[in-house]
Amino acid sequence: MKKVMFVGAVGVGKTTLTQRLKGVDISYHKTQAIQFHQEIIDTPGEFLQHREFYQALMVTSAEADVVGLLLAATEKQQIFPAGFVSLFNKPVIGVITKMDLLEEGGERRLAMLENQLRSAGAKEIFKISSVENQGIQALRQYLGADDVE
């Protein structure tokens, strides 16, 4: 499996997605520091939300094969600046999390989120719900997971 580094704001679902991909029970805990797992790097949301931590993201990405930019389906603000992926010398994907919370008629919001990820530089976008196990298989396939369900 390609090693992926997840980057996103606080509460976007990076740790929950990590737990889902690892096949462990989902339980919330606040990520206080970068957590290295065998095939996943889970970064604190503050590293994205405070520019002084961008360098930590750049350095940490050297350990990854791919960078995943995460946005929640409920997000209403601009999180990633245009061209954000220029920080990384890696392929970058976009992941829209919490699809189970997308409001009815949320196609417009979804299009806005996809545009934000593409503007940031994500080449491929996955839409997932870790809670409902939606879209996880497609992400696993992209990452080359051996245990695709």
Side-chain angles (χ1 to χ4, degrees), residues 1-49 53-75 78-102 106-107 109-149:
M1 181 170 148
K2 295 175 191 166
K3 190 167 198 165
V4 61
M5 179 176 87
F6 291 137
V7 178
V10 172
V12 76
K14 298 177 298 295
T15 300
T16 302
L17 179 55
T18 297
Q19 292 168 346
R20 174 58 72 194
L21 289 172
K22 289 177 59 182
V24 299
D25 290 338
I26 294 175
S27 63
Y28 178 77
H29 69 276
K30 172 72 182 91
T31 302
Q32 298 290 341
I34 298 172
Q35 295 185 349
F36 292 88
H37 304 276
Q38 185 174 351
E39 303 295 343
I40 302 168
I41 303 169
D42 184 5
T43 64
E46 290 83 2
F47 280 33
L48 171 65
Q49 294 174 280
F53 292 117
Y54 280 12
Q55 188 169 6
L57 291 174
M58 289 174 17
V59 171
T60 304
S61 72
E63 300 294 323
D65 299 312
V66 62
V67 175
L69 306 182
L70 278 67
L71 281 176
T74 55
E75 186 56 63
Q78 181 79 23
I79 301 298
F80 292 102
F84 181 74
V85 303
S86 65
L87 294 174
F88 312 109
N89 189 20
K90 305 286 176 173
V92 178
I93 60 171
V95 180
I96 299 175
T97 61
K98 303 184 182 186
M99 287 296 295
D100 53 303
L101 300 179
L102 185 66
E107 293 82 15
R109 171 158 310 169
L110 199 54
M112 185 265 308
L113 295 170
E114 288 177 13
N115 287 338
Q116 184 179 160
L117 289 169
R118 291 202 192 285
S119 175
K123 299 296 181 200
E124 191 163 349
I125 297 175
F126 298 89
K127 299 169 189 157
I128 65 148
S129 167
S130 295
V131 173
E132 294 184 358
N133 208 24
Q134 171 190 351
I136 299 296
Q137 183 173 354
L139 181 57
R140 284 173 144 326
Q141 286 174 332
Y142 173 84
L143 294 173
D146 294 330
D147 59 346
V148 175
E149 299 173 322

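Between I125 and E114, the closest heavy-atom pair is CD1-O, 3.7 Å. Taking each heavy atom of V4 and G68 in turn, the nearest pair found is CG2-N, 4.0 Å. Of all heavy-atom pairs spanning F47 and Y54, the tightest one is O-CD1, 3.6 Å. Closest non-hydrogen pair, G94 versus L117, comes out as CA-CD1, 3.9 Å. Between I26 and Q19, the shortest heavy-atom contact is CA-OE1, 3.2 Å.
To the nearest 0.5 angstrom, M1 atom CE is 11.5 Å from Y142 atom OH. From E63, atom CD reaches atom NZ of K3 across 6.0 Å, with rounding to the nearest 0.5 Å. In this structure, CD1 in I128 is found 6.5 Å from CG in L70, a value given to the nearest 0.5 Å. Note that CZ of F6 and OG1 of T18 are 5.0 Å apart. Values are rounded to the nearest 0.5 Å. How far OG of S61 is from CD1 of I41: 8.0 Å, rounded to the nearest 0.5 Å. Between the CG atom of L143 and the CD1 atom of I93 there is a distance of 5.5 Å, given to the nearest 0.5 Å.
Although no hydrogens or angles enter the test, the distance criterion places no donor-acceptor pair under 3.5 Å between the side chain of S119 and the main chain of N115. In this structure, the side chain of T60 does not engage the main chain of L57 through any donor-acceptor pair within 3.5 Å. A donor-acceptor distance shorter than 3.5 angstrom exists from the side chain of K14 to the backbone of G8, with no hydrogens or angles considered. Between the side chain of T97 and the backbone N or O of V12, at least one donor-acceptor pair lies under 3.5 Å. Checked by atom type and distance alone, the side chain of Q78 pairs as donor or acceptor with a backbone atom of F80 at under 3.5 Å. At distances below 3.5 Å, not a single donor-acceptor pair connects side-chain atoms of R20 with backbone N or O atoms of N133.
Between E75 and K98 there is no salt bridge, since no side-chain nitrogen of the basic residue lies less than 4.0 Å from a carboxylate oxygen of the acidic one.
Residue-environment remark: CD (Q55) stays at or below the threshold of 12 foreign heavy atoms within 6.0 Å. Around the NZ atom of K123, the shell of radius 6.0 Å holds no more than 12 heavy atoms that belong to other residues, nucleotides or ligands.
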Which is it for L71 and Q116 under the side chain to side chain contact (heavy atoms under 4.5 Å, CB included) test, yes or no, and what are the steps along the way? CA-CA 9 Å; L71 281 176; Q116 184 179 160; 3.8 Å; yes

For L110 and K127: C-alpha separation, side-chain torsions, deciding distance, then whether side chain to side chain contact (heavy atoms under 4.5 Å, CB included) applies. CA-CA 9 Å; L110 199 54; K127 299 169 189 157; 4.2 Å; yes

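At least one side-chain heavy atom of E46 sits under 4.5 Å from a side-chain heavy atom of V10. Between I96 and L102 the shortest side-chain heavy-atom distance does not fall below 4.5 Å. The side-chain heavy atoms of L48 and I79, taken from C-beta on, include a pair separated by under 4.5 Å. Counting heavy atoms from C-beta outward, K22 and I40 have side chains that approach closer than 4.5 Å. Side-chain contact between P44 and I34 is present, with at least one heavy-atom pair separated by less than 4.5 Å.
Checking each of V66, V7, L69 against V92 for a side-chain contact (heavy atoms from CB on, under 4.5 Å) leaves exactly one that passes, namely L69.
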